[in-house]
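Worksheet: one structure, shown below.
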Amino acid sequence: MNMKDIFLSNGSDKGVTGKYPHHYHTVYESVFESRRNEPIKILEVGIWKGTSHQSWLDYFPNAEVYGIDIFTRVPPEDVPALQDERCHYIKADSTNASVQTLVEEAWGEDIKFDFIIDDGLHTPTANRKTFENLWKYVAEGGSFLIEDIWPINKLTFDESRHSWIQKPAYSSHFYDMFLEALPEGYIEYDCRKASGVPDSYIIEIKND
Ligand SMILES: C[S@@+](CC[C@H](N)C(=O)[O-])C[C@H]1O[C@@H](n2cnc3c(N)ncnc32)[C@H](O)[C@@H]1O
């Protein structure tokens with residue numbers, strides 16, 4: 001099954017279903033395809049009901065799938081994907097530096113992930129802190145992917161008036177600080193046109 005159908009079969013809004021279908025299947029198919037059958041490690045911050053963790057289990061038959069969440073909305077025992085023997089999780093706040101201690105206690109000091117996806121808290125400052133805390137765990141040749149970014153410097157007039165971003169946390173000041181924290185050469189995937197959703201935007205930072 002391709003990525004689009006896997007997201008669809010799991011009810012994941014990373015594809016074409018849900019209230020806000022993000023249309024990320026094309027991005028992820030191109031980023032992941034060549035490594036699909038490898039015994040990779042993939043970590044996603046933000047588990048919620050586990051539809052994306054189930055999608056990674058389905059897409060990568062030989063991968064170990066990791067997750068970090070604060071679990072205030074759905075407890076881990078109620079998330080079916082987390083019961084899979086290839087799935088591993090910890091309760092941690094990715095924006096707090098203590099996440100490093102928790103990662104290393106659970107998965108070892110030398111743990112590296114081929115892919116890290118940030119689908120946790122989506123403010124620019126949270127994105128920056130999550131990146132600063134977890135970037136060191138990306139394996140050589142791997143990538144860090146940050147989802148659901150509001151590209152403050154590129155929004156249309158209507159997008160900039162969206163109710164979700166009428167808070168100081170989404171100011172261009174904090175967005176600029178986030179972009180400045182990233183290494184040069186990051187890749188931006190703008191899926192807003194395809195999806196019609198204003199935060200359908202991914203930044204990929206490769207560890208080349
Ligand atoms: C959008 S949902 C994740 C959806 C999931 N990735 C999927 O596609 O099915 C966001 C999740 O991030 C978690 N979260 C919010 N702030 C967080 C933080 N600071 N650290 C870790 N997880 C966080 C929430 O508890 C929630 O489960």
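Counting starts at 1 for both ligands and their atoms, following the listed order.
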- Does an N or O from Gly50, backbone or side chain, lie closer than 3.5 Å to an N or O of ligand 1?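 For ligand 1, there is no N or O atom that lies under 3.5 Å from one belonging to Gly50.
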- Message: Using heavy-atom distances only, which candidate in Asp119, Thr123, Ile117 approaches atom 10 (C) of ligand 1 most closely?
- Response: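 Selected option, by shortest heavy-atom distance: Asp119.
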- Should one rank Ile70, Asn96, Asp148 by closest heavy-atom distance to atom 23 (C) of ligand 1, which comes out on top?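 Nearest heavy atom to atom 23 (C) of ligand 1 lies in Ile70.
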- Query: Regarding Asp158 and Thr156, is there a side-chain donor-to-acceptor distance under 3.5 Å anywhere?
  - Reply: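 Looking only at side-chain atoms, Thr156 and Asp158 do not form any donor-acceptor pair under 3.5 Å.
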- Message: Could you check whether Arg192 makes a cation-pi contact with Tyr201, meaning its NZ or CZ is under 6.0 Å from the centre of the six-membered ring and within 45° of the ring axis?
- Response: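 Geometry flag: not set, cation outside 6.0 Å or 45°.
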Among all protein heavy atoms in this structure, tell me which lies nearest to [atom], with the distance rounded to 0.1 Å.
| atom | answer |
| --- | --- |
| atom 20 (N) of ligand 1 | Ser94 N, 3.0 Å |
| atom 9 (O) of ligand 1 | Thr51 OG1, 2.8 Å |
| atom 21 (C) of ligand 1 | Ala92 O, 3.4 Å |
| atom 7 (C) of ligand 1 | Ser52 OG, 3.1 Å |
| atom 2 (S) of ligand 1 | Trp48 CB, 3.8 Å |
| atom 26 (C) of ligand 1 | Asp69 OD2, 3.5 Å |

Give the atoms of ligand 1, by number and element, whose distance to some non-hydrogen atom of [X] is under 4.0 Å.
| X | value |
| --- | --- |
| Lys14 | 6 (N), 8 (O) |
| Asp93 | 18 (C), 19 (N), 20 (N) |
| Leu121 | 15 (C), 16 (N) |

- Message: side chain to side chain contact (heavy atoms under 4.5 Å, CB included), that's the test. Do Leu134 and Val99 meet it? Break it down for me.
- Response: CA-CA 8 Å; Leu134 297 178; Val99 69; 4.1 Å; yes
- Message: Please work out, at 4.0 Å between heavy atoms, whether the side chain, the backbone, both, or neither of His53 comes within that distance of ligand 1.
- Response: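 Neither part.
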- Message: Heavy atoms only, cut-off 4.0 Å: how does Glu44 contact ligand 1, side chain, backbone, both, or neither?
- Response: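 Under 4.0 Å from ligand 1, Glu44 contributes side-chain atoms alone.
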- Name all residues meeting the ring pair (Phe, Tyr, Trp, His ring centres under 6.0 Å) criterion together with Phe144; count only those two or more places apart in sequence or in a different chain, and write none if there are none.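 With neighbours one apart ignored, the set is Phe131.
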- Item | Residues in ring pair (Phe, Tyr, Trp, His ring centres under 6.0 Å) contact with Phe115, at least two apart in sequence or another chain |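 Phe115 satisfies ring pair (Phe, Tyr, Trp, His ring centres under 6.0 Å) with Phe32 only.
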- Which heavy atom of Asn127 sits nearest a heavy atom of Leu121, and at what distance?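 Closest heavy-atom pair between Asn127 and Leu121: ND2-O, 3.6 Å.
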Is the distance between the ring centroids of [Y] and [X] under 6.0 Å?
| X | Y | value |
| --- | --- | --- |
| Tyr20 | Trp164 | yes |
| Phe7 | Trp56 | yes |
| Tyr66 | Phe113 | yes |

